[in-house]
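One structure is given here, and the rest of the page talks about it.
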2 protein chains.
Amino acid sequence: MHSTVNAPRSLIPIGAAALLPDTAEHVRRLEEVLLGRIGQWGYREIIPPTFEYLDVLSAGLAPPVLEKCFKFADWTTGRILVLRPDVTAQIARIVAMGMGGAELPLRFCYRSTVFRYEPEHVGRDREIFQIGVELIGVDGPHFDAELLLLLVELMKAAGLPDFTVSLGHVGFYQRLLVQSGLSPEKRREAEYAAAHKDLPRLEQVLAQERVSRRLARTLLETLERCGRDDVLEWGRRIAGRDPALREPLDRLASVYRFLIKAGCGNHVVLDLGEFRGFDYYDGVVFDVFTDTVGRELGGGGRYNHLIGRFGRDLPSTGFAVDIDRLFAAMRPGDGSQKTARLPVVVLSAPRQYQAAWKLAQRLRASGWTVVQDTVLSAEALQIRHLRKQRRYISASAIVMLGADGLSKTEAFVALPGQSFRASKVQQGDLPSVLHTSVLSEGADGRAPGSRPS
Amino acid sequence: MHSTVNAPRSLIPIGAAALLPDTAEHVRRLEEVLLGRIGQWGYREIIPPTFEYLDVLSAGLAPPVLEKCFKFADWTTGRILVLRPDVTAQIARIVAMGMGGAELPLRFCYRSTVFRYEPEHVGRDREIFQIGVELIGVDGPHFDAELLLLLVELMKAAGLPDFTVSLGHVGFYQRLLVQSGLSPEKRREAEYAAAHKDLPRLEQVLAQERVSRRLARTLLETLERCGRDDVLEWGRRIAGRDPALREPLDRLASVYRFLIKAGCGNHVVLDLGEFRGFDYYDGVVFDVFTDTVGRELGGGGRYNHLIGRFGRDLPSTGFAVDIDRLFAAMRPGDGSQKTARLPVVVLSAPRQYQAAWKLAQRLRASGWTVVQDTVLSAEALQIRHLRKQRRYISASAIVMLGADGLSKTEAFVALPGQSFRASKVQQGDLPSVLHTSVLSEGADGRAPGSRPS
């Protein structure tokens, strides 16, 4: 305790830092690209509330997730509120209440942050930026495939050079665990170890519970198998004639065939030990990975009984992508990382304020970013003053009205990118002058007036 | 207590409902329009964290705001976290820590929700959607004017037919209160009553504290004065030669003149009793109103000493707009309320999945929203089946591959808007066929394939 007291007090909430303009801009542009694609697949955005009643939402949350939630008492009702740890459960709640509309299937998407206590404190791991989709009210391998194809599309839209979707079906492994004779509680322990590919822990559970050596070996081996048709063949040998093992394999094979037909088979590996951290999945599940980021960039799967826990049984599937991790996996210069435009500064003394205002508005109307700046004395309107101030150095052009040597209809244009080279122009010609002079600087392929990186 | 226990338990957190697709779409489009304009004025977005340490942020929050915050303990540090009640204080914290950059002025904007306990429970009043801007590191009437002009621009961009900006300067009234000889505590009480235009309460405080009748009358009358040059004249008569009263009036007059020069004077009324709820304002302050919404749509002002409370003194000004209230003030059909496009459904049996996938992707690439749908038997591919399902009725067109009577290169196109009238076309001609047939339905001025309202 004493060391904590003496440690410097952090001013920034751990795991929840602000996004400053350059990063915020990239994140917003990435969001736009991804949500644009998602929208083109017919998914419509829902904006869920930031907190929910714990007694309501907990129906859709697994105990390990519940334990990591931020909770607090609501003064006015005496009930416990929880910062959303997961949007899927919220959307399930909304749909079960009949608020999502009656026409099935429902296609929803969201961009939200979710909140979880994480012990590691690496980056923004307590407030996590997510984009996700849910396809609600229908079951079938082609609907599973739709989600997987959309996930692949999003990874491509983000400009990811390489990525792998790991695809499985929780039903196969769960059936093997049932065969092993474990108690429901021990099964859950084994599932948890399997989800985290924690083989030593799994081995321990199986040994303690005296699971047969043959079955234990199968359970361990399943976690290490991943491939393509060979995995399906291996699974079928294990399954024999047990329909409870064959069914998940057949579903998985069917989804996989759709992916191959759509030309996305090369991004997929099959993994019969694929699990997700949330206990509501009960069908096909998947994660997406790259070599460069240690943890999955996103994932999801089928949860045919989650919405039922809120009172209305509807088969469903969905996934979420972690924006921070996706961002980390993208190479600089990838699709969505254009640079921002530097502003044009329109500068005048108060006497020319009106003319400067009109000019600024005219330039904004033709798409320029404009900062209108006013110096309080006309004497300060000199090009040589500009060089000294960083706000002028980082402009794409400075337009000056009312300086010595200018008539009422004239302006100076100075270009910081060309050592403040200035020229006298007619104000009416400014849009085309700026277009030519600022664009010509961008001839190296940068956007007009782009921010030097 | 007993009545509460028997009342039906709300499933939705009070004051924090989800935004469903139609509303979410309008809100996002409004955000886009407003942030687009703000960006063109040189402001860059910051995304602040959702929670902060109370002991840090409280430096920038007035006691009445602090009392309304959602607070909870952080398990890992034992410190108290607070859901942000106000983004301005967060940005002040970030800038004071030197994280916002060194180049002044800093122009930042944000779109965030803020959280406050509100007793009324009207609408989404506990999770409030805001868009705001901050102009940091500079002082001067033209910078005050910049913010006001931007606010006017945003109201126009939202398509508001009528709105009024109420403009004042807290310095004038605060000086009158100092002259009245009230204790600092009683001054705060009087300020609070003035901010809420609570004249009876103010009268009571002034009477209890035996403030002179003349000054009490002035203090009460100030709150009821609003107008234009007449208010400035009246103020000057009250001020006489007291520089502490003349200074705020001169600043206000100077800002007002800039607004007139920019042609926005008609949207402004001056109000020497204008106060804002936050105690950090110390200069020009303003609110924006319409006749149709009972409370202000937004507001802000100058806070030259807020950032100093976090350790770095920088003059600043800013404002925020309440998106829900702005939305309520907008008339249907205003600028940002276009309707969404209905999807095209591409329908096939599994055998044509590959061709259907390629077609769906081609249509998406040319800007269509496309849902790919698969029926599991070719027999179901009949136009008459479509009429029975709502998901087809609400499509803009249905494209069917692999049905009876179609060659491999052909498709049926059925238009729900024309009683499912179907025609056989070459798949290669589909982009142009859809363009013609769906666009012609939109000849009444609706967007192509727009959602019927």
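Both backbone and side-chain heavy atoms feed into the values below; hydrogens, waters and symmetry mates do not. Each chain gets a letter, A, B and so on, in the order the sequences are listed, and its residues count up from 1. It should be emphasised that the depicted structure is a prediction, and the values quoted were computed from it without experimental measurement.
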Notebook entry, point to check: Do any N or O atoms from the side chain of Q40(A) and from the backbone of W368(B) form a donor-acceptor pair under 3.5 angstrom?
Noted result: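 Here the side-chain-to-backbone pair exists.
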Check: E45(A) side chain to P21(B) main-chain N or O, any donor-acceptor pair under 3.5 Å?
Finding: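 Side chain of E45(A) to backbone of P21(B): no pair is present.
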Pick from [options] with the largest number of heavy-atom pairs that fall under 4.5 Å of chain A:
| options | value |
| --- | --- |
| L149(B), L363(B), V345(B), I260(B) | L149(B) |
| R93(B), K261(B), Q354(B) | K261(B) |
| A360(B), P350(B), G78(B) | P350(B) |

Given a strict heavy-atom distance threshold of 4.5 Å, which part of [X] is in contact with chain A: side chain, backbone, both, or neither?
| X | result |
| --- | --- |
| E153(B) | side chain |
| A73(B) | backbone |
| R84(B) | neither |
| Q90(B) | neither |
| T50(B) | both |
| L20(B) | both |
| F310(B) | neither |
| L81(B) | side chain |
| L83(B) | side chain |
| K358(B) | neither |
| R28(B) | side chain |

Notebook entry, point to check: Got a sec, which residues hit side-chain contact (heavy atoms from CB on, under 4.5 Å) with S58(A), two or more places apart in sequence or on another chain?
Noted result: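 Once residues adjacent in sequence are excluded, the partners of S58(A) under the side-chain contact (heavy atoms from CB on, under 4.5 Å) criterion are L54(A), L66(A).
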Next item on the list: Could you check which of W75(A), F115(A), F108(A), F143(A) has the highest count of heavy-atom pairs closer than 4.5 Å to chain B?
Entry: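 It is W75(A).
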Margin query: Heavy-atom pairs under 4.5 Å with chain B: which of R37(A), Q361(A), K71(A) has the most?
Written below: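 Heavy-atom pair counts peak at Q361(A).
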Next item on the list: Any side chain to side chain donor-acceptor pair (under 3.5 Å) involving residues 135-149 of chain A? Give me the pairs, sequence neighbours left out, ordered by first then second residue.
Entry: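 Every side chain to side chain donor-acceptor pair (under 3.5 Å) pair that includes a residue of residues 135-149 of chain A, provided the two are not neighbours, is Y43(A)-E146(A), R107(A)-E146(A), D139(A)-R251(A), D139(A)-R302(A), D139(A)-N304(A), D144(A)-R251(A), D144(A)-R302(A).
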Check: Which heavy-atom pair separates I94(A) from A18(B) by the least distance, and what is that distance?
Finding: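 Of all heavy-atom pairs spanning I94(A) and A18(B), the closest is CD1-CB, 3.5 Å.
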